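Values reported hereafter were calculated over all heavy atoms of this structure, with side chains retained and with hydrogens, waters and symmetry mates removed. For clarity, every value in this text was computed on a predicted model and none was experimentally measured.
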Amino acid sequence: MKGYYTNEAVVVATESRTSSPVRIPRNPDTLNHPQITNLYPCGEGAGYAGGIVSAAMDGERVAVLVAKKVGLHR
Ligand SMILES: Cc1cc2nc3c(=O)[nH]c(=O)nc-3n(C[C@H](O)[C@H](O)[C@H](O)COP(=O)(O)OP(=O)(O)OC[C@H]3O[C@@H](n4cnc5c(N)ncnc54)[C@H](O)[C@@H]3O)c2cc1C
């Protein structure tokens, strides 16, 4: 890897990450928790994303739905 492996490198190692094995339940239509009113599990920690783009898309989906619910979105 040109420009990456150098004599100045202290450690060269694999970059790794893991995704949450837990999924907080949510209604597939309303996206809110089945028992807890106004809780909208979303993104990686809630188990609905596995990377930057999927987390952003899931967050946007929930944000639009909540905005519609409170009348801030057409
Ligand atoms: C080392 C590493 C490398 C990665 N590389 C990539 C990559 O190359 N490409 C890729 O697609 N994905 C990558 N990811 C994954 C990506 O970063 C995550 O999937 C994404 O950031 C998840 O977004 P999120 O908004 O769901 O969660 P987060 O970005 O974790 O946001 C959660 C937010 O909630 C806040 N929070 C937590 N608890 C509370 C609380 N009690 N009260 C208030 N706020 C709270 C936190 O401070 C944080 O700001 C990487 C992850 C790591 C760790």
Which heavy atom of L65 sits nearest a heavy atom of T30, and at what distance?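 Heavy atoms only, the tightest pair is CD2-O, 3.2 Å.
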Evaluate the criterion side-chain contact (heavy atoms from CB on, under 4.5 Å) for residue pair C42 and R26; output intermediate values, then yes/no. CA-CA 9 Å; C42 72; R26 76 179 182 191; 3.8 Å; yes
Going through the distances and angles, do Y40 and K69 end up as a side-chain contact (heavy atoms from CB on, under 4.5 Å)? CA-CA 12 Å; Y40 292 84; K69 189 179 166 189; 2.9 Å; yes
Would you check if the side chain of N27 reaches a backbone N or O of N32 as a donor-acceptor pair within less than 3.5 Å?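 Checked: no pair found.
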